[in-house]
Protein chains: 2
Amino acid sequence: MAQKNRLKYILLGLLKKQRQTGYDLAKSFDSDIGEFWTANHSQIYPLLKRMEADHLIAHEAITVGQKLQKKQYYMTSAGQQTFNAWLKSPSDLTGSHDEFILKLFFIDDPKSELLRPMITMQQQYHDEKLHHLEQQFQEKFPNQKRIDQDFGHSLVLRHAIDRERGYSNWLAEMVKTIKTE
Amino acid sequence: MAQKNRLKYILLGLLKKQRQTGYDLAKSFDSDIGEFWTANHSQIYPLLKRMEADHLIAHEAITVGQKLQKKQYYMTSAGQQTFNAWLKSPSDLTGSHDEFILKLFFIDDPKSELLRPMITMQQQYHDEKLHHLEQQFQEKFPNQKRIDQDFGHSLVLRHAIDRERGYSNWLAEMVKTIKTE
DNA sequence: AGTAATCATGTAATTAATTACATGTTTTTG
DNA sequence: CAAAAACATGTAATTAATTACATGATTACT
């Protein structure tokens, strides 16, 4: 790929909240931000180096225990600026790649016997996903105070929930459509 | 990137409908399939060669006019099998990358003055997109007959429209939320 | 005290995808 | 008929991202 390197901005955004190590940053993709973006440590470590060379971030070496060396990264003011500029820039919307939709596109026969099992599988996935997201929201935002503290995150989660509901409804509608056909 | 090479299956799916050239295939991404996937000719031509080497497709050379050489690609039975196996396989859902959502995630202050212009921009984009998609649907599927002929495509378009409506509603809700805050 | 899990950081090989470079033919339009 | 637009096919350079390889330290558990 030769994408837009959005990971750079994610790392900046995460470092803005608190200084942390590459390991910590990588972990974020297992939890909160992982809900809608992926990255692994082998991509993160080299990128952090590059970003430091570009003076967007810097690090402080910390020794833990006897020998273990940690690198606490933090944002520079140049990084701040770059990040803010990104927030204000127009967003690229061409990245939505839903493989199921893609498959569906190629089913030209409404009576195809492939359709029903495909939809069932998808329903299962999205139901689970919806349930998971709702749980996440309750866990992370049980009250208004928490929402105000991490507003963007709450909006994104809410959006994800909305999206899953829409998806589920659409799948259910589809089942009805092919049932009568 | 090292993605799942879904383009391979797209090309197979398109060739299944009719034999065509790499140029024709590339053009598909400017119209119908371009609604939700991107690819350019410099990616397509080499991939077609590789797929032919793998015996998923084959081509027939056609001379147009005096000199122009076209390559009409078509699916082999092995290609058919590969394509069908893909349709039946579980779909990878990790590819949804909405940059706006990503930005939103990092706005932790509900009173941030960045929020409103960001949303306005996004609303404009999605309203246009919605309008475009609705037009597309009317153009391509004016009656039930057309829908039955290209069922999957109609479902996908309908889904895209649904999604845009959901997105617009969510954005509108968000505006209300930040207005009162 | 031993061991498993987690913390912590990197590199190498491969593949996917974008942008730019490069060339020539045929058809349409003024 | 000349020019522009569209047809047609490729390669090169670069960047992004995944998977696998590689190593070692610290903490938690039994």
Side-chain angles (χ1 to χ4, degrees), chain A residues 1-11 14 19-31 33-34 36-54 57 59-73 92-97 99 102, chain B residues 1-11 14 19-31 33-34 36-54 57 59-73 92-97 99 102:
Chain A
M1 248 241 243
Q3 230 169 212
K4 312 291 148 53
N5 199 2
R6 297 184 191 92
L7 183 57
K8 178 164 87 179
Y9 303 107
I10 297 177
L11 297 182
L14 291 171
R19 53 167 55 199
Q20 51 191 313
T21 65
Y23 187 84
D24 294 328
L25 290 164
K27 257 197 312 180
S28 296
F29 293 88
D30 298 334
S31 54
I33 206 168
F36 58 94
W37 215 274
T38 54
N40 36 46
H41 80 272
S42 54
Q43 197 187 353
I44 289 169
Y45 287 118
L47 181 55
L48 285 172
K49 284 201 170 175
R50 233 176 65 207
M51 286 167 70
E52 188 163 38
D54 295 341
I57 57 174
H59 82 268
E60 181 191 354
I62 291 176
T63 309
V64 178
Q66 300 302 301
K67 307 179 183 176
L68 189 57
Q69 286 280 306
K70 277 194 193 188
K71 289 183 182 175
Q72 286 274 351
Y73 282 98
D92 181 26
L93 278 299
T94 58
S96 264
H97 281 183
E99 194 174 25
L102 191 56
Chain B
M1 247 241 242
Q3 232 170 209
K4 313 289 149 52
N5 199 2
R6 297 184 191 93
L7 183 57
K8 178 164 88 177
Y9 302 106
I10 298 176
L11 297 182
L14 291 171
R19 52 168 56 199
Q20 51 191 312
T21 66
Y23 187 84
D24 295 328
L25 290 164
K27 257 197 314 180
S28 297
F29 293 89
D30 298 333
S31 54
I33 205 167
F36 57 95
W37 214 274
T38 53
N40 36 43
H41 79 272
S42 54
Q43 197 186 353
I44 291 169
Y45 285 119
L47 182 53
L48 284 171
K49 283 201 171 176
R50 232 175 68 207
M51 286 167 71
E52 188 164 38
D54 294 342
I57 57 174
H59 81 270
E60 182 190 352
I62 291 177
T63 309
V64 178
Q66 301 300 301
K67 307 180 184 175
L68 189 57
Q69 286 281 306
K70 279 193 191 187
K71 289 183 182 175
Q72 284 276 350
Y73 283 98
D92 181 27
L93 278 299
T94 58
S96 264
H97 281 185
E99 194 175 25
L102 192 55

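Every chain is numbered from 1, with letters handed out A, B, ... down the list of sequences. Predicted model, so just to flag it, every value in this text is computed and none were measured.
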So if I take every side-chain heavy atom of [X] and compare against [options], which nucleotide ends up nearest?
| X | options | answer |
| --- | --- | --- |
| His41(A) | dT9(C), dA17(C), dG10(D) | dT9(C) |
| Gln66(A) | dT9(C), dT26(D), dA17(C) | dT26(D) |
| Thr38(A) | dT18(D), dA17(C), dA8(C) | dT18(D) |

Is a side-chain donor-acceptor pair under 3.5 Å present for Gln69(A) with Thr63(A)?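 Yes.
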
Rounded to whole Å, please give me the gap between [atom1] in [X] and [atom2] in [N].
| X | N | atom1 | atom2 | result |
| --- | --- | --- | --- | --- |
| Lys67(B) | dT27(C) | NZ | P | 14 Å |
| Tyr73(A) | dG10(C) | OH | C1' | 10 Å |
| Trp37(A) | dT18(D) | CH2 | P | 11 Å |
| Asn5(A) | dT19(C) | CG | C1' | 16 Å |
| Lys49(A) | dA8(C) | NZ | P | 17 Å |
| Leu7(A) | dT18(D) | CG | C1' | 13 Å |
| Leu48(A) | dT9(C) | CG | P | 9 Å |
| Ile44(A) | dA17(D) | CD1 | P | 11 Å |

With no angle test and no hydrogens, is the base of dT19(C) tied to the side chain of Ser42(B) by a donor-acceptor pair under 3.5 Å?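 Between dT19(C) and Ser42(B), which were checked side chain against base, a qualifying N/O pair under 3.5 Å is present.
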
Residue mapping more 5' on DNA chain D - nearest nucleotide basis, Ala39(A) or Val64(B):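 Upstream on the strand: Val64(B).
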
Taking for each residue the nucleotide of DNA chain C bearing the nearest heavy atom, is the 5' side occupied by Gln43(B) or by Gln72(A)?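 In this pair, the answer is Gln72(A).
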
5'-most contact on DNA chain C: Gly65(B) or Lys71(A), nearest heavy atom basis?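 Going by which nucleotide is closer to the 5' end, it is Lys71(A).
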
Distances for protein N/O vs nucleotides 5-7 of chain D N/O pairs under 3.5 angstrom?
residue, atom, partner, partner atom, Å
dC7(D), OP2, Tyr23(B), OH, 2.9
dC7(D), O5', Tyr23(B), OH, 3.4

Intermediate values then yes/no, side chain to side chain contact (heavy atoms under 4.5 Å, CB included), Tyr73(B) and Glu52(B): CA-CA 9 Å; Tyr73(B) 283 98; Glu52(B) 188 164 38; 3.9 Å; yes

What's Lys8(A) touching, base or sugar-phosphate or nothing? Going by heavy atoms closer than 4.0 Å.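 Counting heavy atoms under 4.0 Å across all strands, no contact is made by Lys8(A).
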
Separation between CD1 of Ile44(A) and CG of Leu7(A), rounded to the nearest 0.5 Å: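 Interatomic distance, Ile44(A) CD1 to Leu7(A) CG, rounded to 0.5 Å: 6.0 Å.
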
Roughly how far, to the nearest 0.5 Å, is the CG atom of Leu47(A) from the CG atom of Leu11(A)?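 Output value for this atom pair is 5.5 Å.
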
Within the side chain of Gln72(A), is there an N or O that forms a donor-acceptor pair under 3.5 Å with the backbone of Ile62(A)?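 Flag not set: sc Gln72(A) to bb Ile62(A) has no pair under 3.5 Å.
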
Do the non-hydrogen side-chain atoms of Thr21(B) and Lys71(B) ever get within less than 4.5 Å of each other?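 When only atoms from C-beta onward are counted, Lys71(B) and Thr21(B) do not touch, as no gap falls below 4.5 Å.
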
Do Asp54(A) and Lys8(A) have side-chain heavy atoms sitting under 4.5 Å apart?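 Contact flag for Asp54(A)/Lys8(A) side chains = no.
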
Phosphate OP1/OP2 of dT9(D) contacted by Gln69(B) side-chain N/O (<4.0 Å):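 Indeed not, no polar side-chain atom of Gln69(B) lies that close.
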
